[in-house]
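Report on one structure; see the data block that follows.
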Amino acid sequence: MSARRSAMFLSAVALAAALAAPAAAPAQDEPETDAGAAEEAAPAAAPAGARSATGAPPMAVPADFGGSLQVVRAPAGTAGAAAAAGGGPEIFPDARRVWMSVRDTDPVPIEAARRGGRWLCSGGGCAAQTGDPGQSPIGDQILRSIKLQTPTLPLPLTVWGRLSEDGQRLLDFDPVLLGRRSYRHVCAYRPVAPIAPVADAARSPAGAPGGPAAPPRGNVDRVDVCRDGRPEPPPPDAGELTLGMQWPKQSEMADFHYLAIVDSCGNARVQPFQRTFTVPVLEVASGGCGRPDGKVLRVFPGGGWLRVTAFNLHEPAAGNVVNATYRVTIPPLENLVESNPARLLFPDPLADDLKVDCGPTPIAPRADPGSAPPPGSARPPGPTGPAAAPPGGRAAARAPLAGQPQGGPGTPPAGARQGPTAAAPTAAQGGQGTPPQAGLGPPRRAPDADPSRPGPQPLAHGAVVISPAPLRLGNCRIRLTGQTKHRLVAPLALHVSLTRTDQLRGGAPIELLQDGTWIVTPSSAEFPLPPLAEDFDGDARLRLAVYSDPLSPQGKVVLLSDAGRVASSLRSTDPGDPERARRLVGSVAIHSVPLCGEDNFETLEGAGSCFRAYLTVPAMLATLQITRAPWVEKPLVTRSVLSAVGVALAIDRYDPVERRAFPVAAQLGGFVQTLGEGRVGLLGYVGVAPTVPILGSGGNTTSFGFLAGIGLEYITNEAGPDEGLKPAAFLSAVVQVGQAAPQVSTSRSASFGTYAGD
């Protein structure tokens, strides 16, 4: 019996052990935590994280950090040990010699560790293992794409990263002509200054605007949070370059907490660790780094490099790895080698930048107030024209772009873009104007535009009224204005179309321009409309339109709105149909009519109506005539058809745009009347008559109606004595035939015009 009980007890113990075994296995594996959750769980002042290197499970496949610049490892047993500050390596390479901005995470523990506070390796014991010092394919593969974003661009535009037929990434567009986004509001931590004597500390530079002053090394009692200021509203052409990166798969560690990206100019950006991440950068086209400030990373048209470090503060990522650093090559953002280099991006013209202008005689180009930059303003981004060399015979360095730091230390990488710049001072500097050059007279002042006269009208999809004469003489032109025009250093291809819409040929509008190619260059930004003769008369409806032409072989600049949809066509061996790639940029409807007065170019709203004078031939069908003695004069009513025919000068009010006249016109004329019984009357009168046309439209004044007037009549008689001169009043049913030509304007002032209708 006792043996049976013993067997049952042993069986129960074995069963309990078997049931407890599956539950104990998960207890040996620590559950995975998110990087952000682990960061929040770790206190800022704690010397170590929740896990130690000794408690980490062994990895089945160790991480491969091949191709890295440096790997920092902590020995076993040091992760959770308290250590004094100042004895270990830096949290990432050159952390104490660069400016640092921290984004999307708590900057206090990072800045405290950078100053020498307590962190995983602050007490020593961590070893830095140096890897490949130069360029490595693994590090270069971290950079996946370079994109451009502007306020007017719905989606980011890829300027580098597309694969060619050979599998190489290509530069699609050069963004140097675009504006630059301002990063002045970003707050950054200064490099940690070493402990120095009072005299040296007094000579240390002041803190960055909006950022804390540079603390001495070892001062970790208080870390001020660096807060950003209010960002400036970006202009429509302000471009922001963004690097798209991906951490190497072979060294992917889910427990890295931070990423530090450092450029070659002494600027660092720290953000939470993610396997795929983006970094905003600023393209510096002046040839130098400028003064480091940590607000944004710098890249160069000639290429360069960045250092990307994944690191922890309080626990190793896996095993004993504390941080790992890779060198990433930044490709050149300009292409000076290929025969078909990447095209330059250019901001889209504004609604008022494209204008049409006309005049009675060939007009000289007028200075547009919107095309010249205001005095004392910064030069817009992009290359500048050549200038006189400064003393010493050396060319001046190219001026930095707007929103870019000027001067300061820093060595540009090889191939940085350089160029001449204008060295003349502006009129706003020192309160004095620029002195004229020797041997040259004073600058000629542009004539002031008369505000009462019509000026250039924008191609903002509106309407204008133009007299036929400037179009026949070729005195109309399109101009590209605006401040962005000064950045244009390469040909921009546009296409101009002028069609007649009130008449069709083959069911389509008639194209009046045989060749509408417009190549805009820095020295030529006008397109003269050729003289119009064929398929054009004095009363027509036209549509003037300007299209972008991104696939034109004559253009080297692509408008920003066209870049996304034509990028693949520009790199293809078969670029496709250039006409289908065009996009409407600006247009205007033109009413070509004989205008009144001295103006030959008006807006649709300002054209108004005008008085016109023309000759007409009235023919009376029936007349009711009243004299001094109607009971004596006979016949009182003349019923014979065409009893009188005359000639009259008619004056009425006419709208040339609507092609409609006021229904009543004043007349000054005379009749030859057949009164019967051998009598003939010569009647001079002043009267009123209708102008409602019954045939045609516009200038055709053939009408049927009543003519009423008063005047003087001389009656002769073949059978008896002449009746002489007597007053007369009449009302007749008449048919009038005439052709009008506008002559006198009352839209602004009554004056006889220069242009008459056809």
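FYI, side chains are in, hydrogens and waters are out, and symmetry mates aren't considered; it's all heavy atoms of this structure.
When every heavy atom of A545 is checked against every heavy atom of L584, the shortest pair comes out as CB-CD1, 3.8 Å. When every heavy atom of T499 is checked against every heavy atom of P509, the shortest pair comes out as CB-CB, 4.1 Å. When every heavy atom of L542 is checked against every heavy atom of F536, the shortest pair comes out as CD1-CE1, 4.0 Å. Nearest heavy atom pair, residue C289 against residue S264, reads SG-O, 4.4 Å. Here the closest heavy-atom approach between residue A581 and residue R565 is recorded as O-NH2, 2.8 Å. Contact between P456 and D357 at its shortest, heavy atoms only, is CG-OD2, 3.6 Å.
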Practice problem: Would you sort out whether F346 and L488 count as a side chain to side chain contact (heavy atoms under 4.5 Å, CB included), showing the intermediate values? | Solution: CA-CA 8 Å; F346 194 69; L488 194 60; 3.9 Å; yes

Quiz item: After noting the C-alpha distance and the side-chain angles of R307 and D263, does the key distance pass the salt bridge (charged side-chain N to carboxylate O under 4.0 Å, His left out) rule?
Solution: CA-CA 6 Å; R307 284 198 306 266; D263 63 10; over 6 Å; no

Quiz prompt | side chain to side chain contact (heavy atoms under 4.5 Å, CB included) assessment of R327 paired with S136 | solution = CA-CA 7 Å; R327 182 185 187 274; S136 67; 5.7 Å; no

Practice problem: Walk me through it: do R543 and S587 pass the test side chain to side chain contact (heavy atoms under 4.5 Å, CB included)? | Solution: CA-CA 7 Å; R543 182 176 184 266; S587 67; 4.1 Å; yes

Quiz item: Under the salt bridge (charged side-chain N to carboxylate O under 4.0 Å, His left out) criterion, do R162 and D172 qualify, and how do the steps go?
Solution: CA-CA 8 Å; R162 289 189 176 90; D172 288 339; 2.5 Å; yes

Exercise. List the steps and the verdict of ring-ring contact (aromatic ring centres under 6.0 Å, His included) for W247 and F277.
Key: CA-CA 8 Å; W247 187 255; F277 56 96; 7.6 Å; no

Practice problem: Go through L344 and V176 one step at a time and tell me if the side chain to side chain contact (heavy atoms under 4.5 Å, CB included) criterion holds. | Solution: CA-CA 7 Å; L344 298 131; V176 69; 3.4 Å; yes

Practice problem: Applying side-chain hydrogen bond (donor to acceptor under 3.5 Å, both in side chains), run through T517 and Q554 and close with a yes or a no. | Solution: CA-CA 10 Å; T517 302; Q554 304 179 48; 5.1 Å; no

Exercise. Could you please spell out the steps behind the salt bridge (charged side-chain N to carboxylate O under 4.0 Å, His left out) verdict for D293 and R298?
Key: CA-CA 11 Å; D293 54 13; R298 270 73 160 178; 2.9 Å; yes

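Using a 4.5 Å cut-off on side-chain heavy atoms (C-beta onward), F300 and L333 make no contact. Counting heavy atoms from C-beta outward, P236 and P151 have side chains that stay 4.5 Å or more apart. Contact annotation: the side chain of Q168 never approaches that of L163 to less than 4.5 Å [non-hydrogen atoms, C-beta and beyond]. In this structure the side chain of R472 never reaches within 4.5 angstrom of the side chain of L532, judged on heavy atoms. At a threshold of 4.5 Å between non-hydrogen side-chain atoms, the residues Y547 and R583 do not count as touching. Residues M245 and V308 are in side-chain contact: their nearest non-hydrogen atoms beyond the backbone lie under 4.5 Å apart. At a threshold of 4.5 Å between non-hydrogen side-chain atoms, the residues E232 and H185 do not count as touching. Side-chain contact between I466 and V464 is present, with heavy atoms from C-beta onward closer than 4.5 Å.
Side chain of R343 to backbone of G555: a donor-acceptor contact under 3.5 angstrom is found. A side-chain donor-acceptor contact under 3.5 Å links D353 to the backbone of L350. Counting only distance, with no hydrogens or angles, the side chain of S101 and the backbone of G294 share a donor-acceptor pair below 3.5 Å. Panel note: side chain K295, backbone V186; a donor-acceptor pair is recorded below 3.5 Å.
For the atom pair R169 CZ and Q141 CD, the distance stands at 8.5 Å (nearest 0.5 Å). Going from atom CD1 of I519 over to atom OG of S524 covers 10.0 Å, rounded to the nearest 0.5 Å. Here the straight-line distance linking atom CG of L306 with atom CG of L143 works out to 8.0 Å at 0.5 Å rounding. Atom CG of L259 sits about 15.0 Å away from atom CZ of R103, to the nearest 0.5 Å. With rounding to the nearest 0.5 Å, the separation of CG in N267 from CH2 in W99 is 9.0 Å. Distance check, rounded to the nearest 0.5 Å: CG of L492 to CG of L480 gives 7.5 Å.
Between R505 and D535, at least one side-chain N (NZ, or NE/NH1/NH2) sits under 4.0 Å from a carboxylate O, which counts as a salt bridge. Of the charged side-chain nitrogens involved, none lies within less than 4.0 Å of a carboxylate oxygen, so that R180 and D237 do not count as a salt-bridged pair. At a threshold of 4.0 Å, the pair D174-K556 does not count as salt-bridged, since none of the basic side-chain nitrogens sits closer than that to a carboxylate oxygen. Between D352 and K355 there is no salt bridge, since no side-chain N of the basic residue sits under 4.0 Å from a carboxylate O of the acidic one. The pair R582-D549 meets the salt-bridge criterion, with a side-chain N (NZ, NE, NH1 or NH2) lying under 4.0 Å from an Asp/Glu carboxylate O.
Aromatic rings from F173 and W160 are positioned such that their centres are separated by 6.0 Å or more.
At a cut-off of 3.5 Å, with distance as the only test, a side-chain donor of T329 or Q135 sits close to an acceptor on the other residue. T242 and Q149 share no donor-acceptor pair across their side chains, judged by distance under 3.5 Å alone.
When the options I330, I142, I261 are evaluated for a side chain to side chain contact (heavy atoms under 4.5 Å, CB included) with L243, the one that passes is I330.
Using cut-offs of 30° and 60° on the angle between ring planes, the pair W518 and F527 is tilted.
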